[in-house]
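Written below as structure tokens is the structure these notes are about.
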Amino acid sequence: MCGRFVVAKASSDLAVEFDIDRVSDTEFTPSYNIAPTTSVPVIVQAPAPAEEVDTYGPGPIRRLEVAKWGLVPGWARDASVASRAFNARSETAAVKPTFRAAVKRRRAVIPASGYYEWQTGADGTKQPYYVHPAEGGADASLCFAGLYEWWQNPEGEWLLSTTILTREAPAGRMRELHHRIPVFCTAADIDEWCDPALAGSAELVADFAERSLALTDSLALRAVDRRVGNVRERGPELIAPMADPA
DNA sequence: CCAGACGTTGTT
DNA sequence: GTCTGG
DNA sequence: CCAGACGTTGTT
DNA sequence: GTCTGG
């Protein structure tokens with residue numbers, strides 16, 4: 001699954017990597033320990049305002065926004081549902097009340113340097129692992145396929161929120177680590193996944209979940225220090241390979 | 001009809 | 001055990 | 001996701 | 001908002 005992840009780049013670097021047309025005023029600053037309900041960068045595509053078609057062309061423009069990690073559907077009474085909607089099952093998202101409207105019209109991509117999984121040992125201790133693109137990918141980010149929503153609080157303020165899709169892990173290393181994994185897409189797939197003119201369906205989600213498997217093969221993982229469990233730790237040392245016990 | 005839920009994970 | 005905060 | 005709290009009263 | 005349970 002995906003319940004904690006790393007974005008080592010700031011908004012400006014993500015804007016370059018992902019060919020963003022517009023960056024939100026709210027900056028994202030790098031974090032090596034992003035937890036549910038906190039702020040994450042999210043890539044969305046929306047039609048350009050009519051007066052800006054000359055600048056951007058007739059297609060959708062690509063924006064980098066900062067969102068609360070945990071989807072808050074438009075009809076929610078309060079934003080607390082976010083804490084239980086930071087992942088959406090790709091198998092069912094198209095029909096679940098919380099996610100289906102977003103599947104149709106508000107699909108997004110969350111860029112990430114990597115993410116964490118924990119394995120609980122027989123003695124109950126939790127060993128964290130860092131999952132990331134295998135060497136050779138240089139500086140490239142992963143793309144999590146996700147959804148987003150706008151929600152207005154009683155005071156009329158708008159909140160942007162997002163969730164990451166998951167699927168069953170394929171047999172192999174990743175499944176030994178955990179039975180659920182995020183749905184990934186390639187940078188080249190962002191236009192299609194986030195196309196606001198394309199009505200999302202269960203079939204579209206299933207197609208991307210299937211295509212995601214090709215990317216899973218190119219992941220590497222390593223054990224890291226247990227300090228990552230504490231959300232107040234946010235530095236790059238969290239992804240350092242664990243020192244060998246002498 | 002109204003009231004209440006709407007979710008994922010893991011674990012047993 | 002279960003909820004909240006990050 | 002994990003870590004940490006989980007309570008009341010009164011006093012400063 | 002929309003579905004389910006009563």
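Below, chains carry the letters A, B, ... as their sequence lines are ordered, and counting in each starts from 1.
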### Query
Quick one: do A:V7 and A:Y32 end up in the same hydrophobic cluster if we chain Ile, Leu, Val, Met, Phe, Trp and Tyr together by side-chain heavy atoms under 4.5 Å apart?
no
Under the rule of Watson-Crick or G-U wobble with both distances under 3.5 Å, where | means paired to another strand and [ ] a crossing pair, DNA chain D maps to ||||||......
### Task
For nucleotides B:dA3 and C:dG6, find the distance between their P atoms and express it as a whole number of Å.
35 Å
Side-chain N or O of A:S83 versus OP1/OP2 of B:dT8: is the shortest distance under 4.0 Å?
no
**OP:** Under 4.0 Å between any heavy atoms, over every strand shown, what does A:F99 touch: base, sugar-phosphate, or nothing? Just pick one.
**Re:** sugar-phosphate
A:I34 atom CD1 is separated from D:dC2 atom P, nearest whole Å, by 17 Å
Just call it for A:T37: base, sugar-phosphate, or nothing, with non-hydrogen atoms closer than 4.0 Å on any strand.
base
- [ ] Give a yes/no answer on whether the side chain of A:R180 brings an N or O atom under 4.0 Å of OP1 or OP2 in B:dT9.
- [x] yes
Please report the distance separating the P of D:dC1 from the corresponding atom of B:dT8, rounded so that it comes out in whole Å.
12 Å
Here the distance between atom P of B:dT9 and atom NZ of A:K126, to the nearest Å, is 16 Å
task = Output yes if the stacking criterion (under 5.5 Å between centres, under 30° between planes) is met for A:W118 over the base of D:dC2, else no.
result = no
Closest of D:dC2, B:dT9, B:dC6 to the A:R4 side chain is D:dC2
Under a 4.0 Å heavy-atom cutoff, the residues of residues 217-233 of chain A touching DNA chain C are A:V231, A:R232
Taking B:dT9, E:dG1, B:dT8 as options, the one with an atom nearest any side-chain atom of A:M1 is B:dT9
Residue set satisfying salt bridge (Lys or Arg N to Asp or Glu O under 4.0 Å) with A:R234, at least two apart, ordered chain then number -> none
Ring pair (Phe, Tyr, Trp, His ring centres under 6.0 Å) pairs touching residues 48-71 of chain A, sequence neighbours excluded, are A:F5-A:W69, A:W69-A:F86
Of the candidates B:dT8, E:dT2, D:dC1, the side chain of A:R100 sits closest to E:dT2
Taken to the nearest whole Å, OH/A:Y32 to P/D:dC2 is 22 Å
**Prompt:** Would A:W118 and A:Y129 count as a close aromatic pair, with their ring centres under 6.0 Å?
**Reply:** no
| field | Geometric class of the A:F208/A:W193 ring pair [parallel <30°, tilted 30-60°, perpendicular >60°] | value | tilted
Distance, P atom - from C:dG5 to D:dG7, rounded to whole angstrom: 12 Å
A:F86 has its side chain closest, among B:dT11, D:dC1, B:dT8, to D:dC1
- [ ] Using the P atom as the reference point in each nucleotide, state the distance between B:dA5 and C:dC3 in Å, no decimals.
- [x] 13 Å
By side chain to side chain contact (heavy atoms under 4.5 Å, CB included), A:A220 pairs with (sequence neighbours left out) A:H132, A:A134
Contacts under 3.5 angstrom, residues 47-55 of chain A side chains, donor-acceptor by atom type, not counting sequence neighbours:
from: A:E52; atom 1: OE1; to: A:R22; atom 2: NH2; distance (Å): 2.6
from: A:E52; atom 1: OE2; to: A:R22; atom 2: NH2; distance (Å): 2.6

Determine the contact category for A:S80: base if any of its heavy atoms lies under 4.0 Å from a base atom, sugar-phosphate if only primed atoms, P, OP1 or OP2 are that close, otherwise nothing.
nothing
key: Between B:dT9 and D:dC2 - C1' atom distance, rounded Å   = 12 Å
Open item on the list: For a quick check of understanding: with a heavy-atom distance under 4.0 Å over all strands, which category does A:T92 fall into, base, sugar-phosphate or nothing?
Closed with: sugar-phosphate
- Query: Under 4.0 angstrom, heavy atoms only, what part of the nucleic acid is A:A85 near: base, sugar-phosphate, or nothing?
  - Reply: nothing
For A:R77, report the nucleic acid contact type (base, sugar-phosphate, nothing); a contact means any heavy atom under 4.0 Å.
nothing
Taking B:dT11, B:dT8, E:dG1 as options, the one with an atom nearest any side-chain atom of A:P97 is E:dG1
